[in-house]
Amino acid sequence: MLEFAQAEHTDRETLFVEVILPLAIAKNYTYRVPYELNDSVAIGKRAVVQFGKSKLYTAIIAGIGKQAPEKYEAKYLVEILDDKPVVTHEQLHFWYWLADYYMCNVGEVMSAALPSALKLASETKIMLNKDFPVDRSTLHDKEFLIVEALDIQPELTVSDIVKLLGQKQVMPILKLLFEKNVINISEEVSERYKPRKRTFITLNPFYNDPDNRRELFGILEKKAPKQADAVLAYIKLSRQQKTISKNELIEESGAGAASIKTLIEKEVFIPEEKNVSRLYFEEEEAINNFELSEQQQEALKSVSDQFAEKDVVLLHGVTSSGKTQIYIRLIEEMIQTGRQVLYLLPEIALTTHIIERLRVYFGANIGVYHSRFNDNERVEVWQKVLNNEYKVVLGARSSVFLPFNDLGLIIVDEEHETSYKQFDPAPRYNARDAAIFLANMHGGKVLLGSATPSFESYYNARTHKYGFTELSERFGGVEMPLVEIVSIAEETKKKTIQSHFTSVLIADIQQALANKEQVILFQNRRGYAPVLMCKMCAYTPKCINCDVSLTFHKSSGKLHCHYCGYKEDSPTICPACGSTHLEYKGFGTEKVEDELSLILPDARIARMDLDTTRSRNSLQTILNNLEEKKIDILVGTQMVAKGLDFADVTVIGIINADSLLKFPDYRANERSFQMLAQVSGRAGRRGKQGKVVIQTYDPGHRVIKQVIENDYKDLYFTEMTERKSFKYPPFYRLINLDIKHKDPEVLYHQAIYLAKELRKHFGDERVIGPQAPLVSRIRNFYIQSILLKFEKDAISINKAKTVIRDTITQFQTTKLSKGSIVQPDVDPY
DNA sequence: AGCACGCCGACT
DNA sequence: GTCGGCGTGCTC
């Protein structure tokens with residue numbers, strides 16, 4: 001990779017640098033260093049270079065050499081932006097590894113890794129930073145000129161500024177302006193992270209004194225009994241919990257918001273706005289009660305012990321078992337040794353106040369890195385990590401790209417979360433896997449934590465590649481929910497089932513509603529009915545692009561394709577035979593919602609799926625309504641399974657578990673299991689016993705049994721190693737490809753050709769497809785993936801990559817295709 | 001990623 | 001006869 005060694009040099013020599021450009025190009029380019037910059041060049045610094053006819057880019061110096069290139073005349077680099085490298089040698093190593101592993105260009109990795117403010121290019125947009133009004137008299141002439149121009153035209157590109165100043169060297173000026181907070185650089189219009197605020201109430205310490213308090217009551221009881229109630233309620237609540245929100249107080253006391261407001265004005269109550277989260281309640285409790293239980297202590301010790309031998313340990317802890325507390329102890333230990341810690345969380349979890357809590361705990365040592373932070377903030381974190389000012393970084397997947405010097409520990413929380421994998425632009429990396437490589441590079445350790453570990457991590461743990469530790473009890477005496485399996489077949493026979501709801505489920509829902517508790521119903525299909533079928537000729541409308549049956553949506557009255565979004569009007573007569581006997585088969589969330597409202601007309605029912613949450617704030621609104629108890633029953637798809645914790649949800653109903661159980665491949669089965677376990681884990685909190693009702697035609701199904709017994713640890717493993725009846729046995733790897741073409745015919749031929757090539761190299765049994773699985777994966781004019789069978793050491797994924805790479809290159813030269821080929825992506829599962 | 005070059009269809 | 005579509009190839 002780094003072909004040039006760092007050169008010893010004097011002023012007189014001509015130096016050449018090899019730079020990484022933030023573009024999807026296959027190789028690095030060499031530039032000539034002007035004499036006066038000889039002393040400034042260093043690996044990891046940013047250089048501004050002209051690439052192509054007129055474009056300027058910020059590149060990273062990846063190597064320095066003295067040899068002039070033979071085949072071409074190297075251009076001079078324009079300028080060096082940094083005094084000190086902004087990218088470390090380790091990072092460069094990491095970039096190259098990532099590019100190789102995920103089959104993309106280093107430039108693409110660079111693009112993903114650097115905050116955009118560090119990547120000034122000619123088309124980069126410059127704006128005034130409105131948050132920081134700056135005293136303009138302190139600006140130099142040229143800076144002033146830029147600021148004035150921005151007054152007239154709020155958005156300028158770097159090229160505009162080049163024209164404005166009549167000079168090529170503008171980057172250093174812009175860099176300075178950025179550092180002075182005068183300008184913003186290319187801030188994406190993405191939604192800014194808005195923490196959710198809630199008002200908390202504390203009693204003025206003045207009234208902690210018994211005499212003062214008595215006096216207060218004396219006055220209030222006569223003049224304002226409602227206010228007296230509020231104060232009493234506060235005192236009552238303060239015995240049970242540490243923090244009291246305004247809403248809780250209103251509810252407990254029966255006094256109105258006005259009374260509380262008056263008390264605040266009288267300075268009896270002191271309000272405080274705090275960021276709160278609706279997600280991950282367990283974290284709050286975890287950090288408030290900081291005594292490790294016996295089981296936690298054992299788990300902590302077990303993790304530490306295993307780190308002596310293993311680089312990675314999987315911590316499997318059921319929902320609410322208090323994994324966070326173990327993380328905190330480990331972080332503390334690591335900081336004491338002076339090494340850095342990276343705490344990875346899935347995107348959504350980061351909006352929580354776990355950040356706040358950890359700040360309290362670790363002070364200014366902790367940094368947060370988040371895609372919804374703006375660029376100024378991101379660059380700030382970058383610099384502080386580089387300067388070793390942050391010992392702990394809490395971040396989403398992109399924080400694996402931060403310039404760590406000495407990473408001792410990476411915690412990957414909710415290790416199974418798919419949001420760790422980046423899908424859309426290359427590099428299509430999984431931060432969990434990248435983290436393992438990263439830690440390894442630094443000689444650090446990785447702790448993977450999850451209540452429902454991913455298949456592959458479980459496998460690695462069971463084969464002793466990873467260490468393994470378990471937390472099987474909920475923390476703080478919270479009971480596991482009761483799980484009841486109800487046979488749909490039996491209730492149908494006894495005629496006790498109404499629509500899709502068994503008598504057991506209805507009874508539980510009614511009980512919950514009577515107790516003013518809430519219910520979540522899970523149905524893993526959106527829309528009204530997934531299939532429309534002609535009763536006469538069995539015709540079903542299919543998507544013109546994707547060849548899957550179209551789902552009927554009652555809300556739009558149309559048939560939708562859930563793969564590509566194609567829509568058409570729902571026919572009233574069969575297009576094939578003209579019959580009017582069309583039948584909706586199966587059911588989705590829309591139908592569940594519809595029919596439940598007939599059975600329970602008084603219940604307030606809401607639906608949460610992709611259709612109801614598409615618009616900007618709708619998800620927020622639904623969650624708020626649920627929390628404020630404006631919703632009694634929430635019907636939803638997988639969305640309801642993810643991290644939603646509400647104290648008053650006591651009943652979870654799984655309308656039809658079978659839709660989760662009959663998937664043909666292990667990976668889908670893994671997901672079903674996780675889904676069931678995650679949904680079930682939501683029932684009951686804070687002293688309330690939860691209940692899970694699973695409706696199924698197949699009560700004896702293994703997966704269901706495992707859920708009841710909470711014994712899924714063996715499930716994965718047995719599925720992987722023993723069961724032969726699965727269509728795709730273990731050790732198959734899904735290799736994600738990204739071959740694009742507008743003509744599905746061409747794609748089809750490419751798919752077949754690719755499979756043929758792979759067969760030639762790996763033998764018939766190892767390659768699945770192309771006909772069934774591979775071709776069915778052609779969607780939206782992409783070949784998305786191919787399945788390969790990997791038996792332990794039999795073939796390396798690298799060989800497969802090489803073959804795929806070669807074959808795909810051939811596509812461009814053979815008559816097979818005129819299509820453009822996008823970088824393939826190997827999914828390391 | 002941009003951008004130029006070049007080869008084919010539909011227009012003032 | 002040209003304008004403009006995008007397929008292809010190159011950028012140090």
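The sequence lines fix the lettering, A, B, ..., with proteins before strands; numbering per chain opens at 1. Side-chain atoms are counted along with the backbone in the values below, which use heavy atoms only and exclude waters and symmetry mates.
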Student: Minimum heavy-atom separation for A:Tyr369 to A:Pro115, with atom names?
Tutor: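 The pair with the smallest heavy-atom distance is OH-CG, 3.7 Å.
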
Student: Which whole-number value in Å describes the distance from A:Gln50 CD to C:dC10 P?
Tutor: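 Going from CD in A:Gln50 over to P in C:dC10 covers 19 Å.
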
Student: Please determine whether the number of non-hydrogen atoms from other residues, nucleotides or ligands lying under 6.0 Å from atom NZ of A:Lys75 exceeds 12.
Tutor: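 Correct, the count exceeds 12.
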
Student: Just wondering, are more than 12 heavy atoms of other shown residues or ligands nearer than 6.0 Å to CD in A:Glu73?
Tutor: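 Counting other residues, nucleotides and ligands, CD of A:Glu73 stays at 12 neighbours or fewer.
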
Student: Tell me whether the guanidinium CZ or amine NZ of A:Lys27 lies under 6.0 angstrom from the six-membered ring centre of A:Tyr29 and within 45° of its axis.
Tutor: yes

Student: Expressed as a whole number of angstroms, how long is the span from A:Ile25:CD1 to C:dG9:P?
Tutor: 16 Å

Student: Please round to the nearest 0.5 Å and tell me the distance separating atom CG of A:Leu56 and atom CD of A:Gln169.
Tutor: 10.0 Å

Student: Should the pair A:Tyr57 and A:Phe51 be assigned to parallel (<30°), tilted (30 to 60°) or perpendicular (>60°) ring geometry?
Tutor: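 It falls in the perpendicular class, over 60°.
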
Student: Show every salt bridge (charged side-chain N to carboxylate O under 4.0 Å, His left out) that has at least one partner inside residues 147-158 of chain A, sequence neighbours left out.
Tutor: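 Sorted pair list: A:Arg136-A:Asp151.
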
Student: Check each residue of residues 70-78 of chain A for a non-hydrogen atom within less than 4.0 Å of any atom in DNA chain B, then write out the ones that pass by number, or none.
Tutor: none

Student: Contact boundaries of DNA chain B with chain A (under 4.0 Å, heavy atoms), 5' to 3'?
Tutor: B:dA1 to B:dC3

Student: Whole-Å distance between C:dC12 P and A:Leu56 CG?
Tutor: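 Rounded to whole Å, this separation is 12 Å.
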
Student: What is the separation between atom CZ on A:Phe51 and atom P on C:dC12, rounded to the nearest whole Å?
Tutor: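 Value for this atom pair: 6 Å.
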
Student: Could you tell me the separation between the NZ atom of A:Lys27 and the P atom of C:dC10, rounded to a whole number of Å?
Tutor: 10 Å

Student: Can you establish whether the number of heavy atoms outside A:Lys180 located under 6.0 Å from its atom NZ is more than 12?
Tutor: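 Buried by this count: over 12 neighbours within 6.0 Å.
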
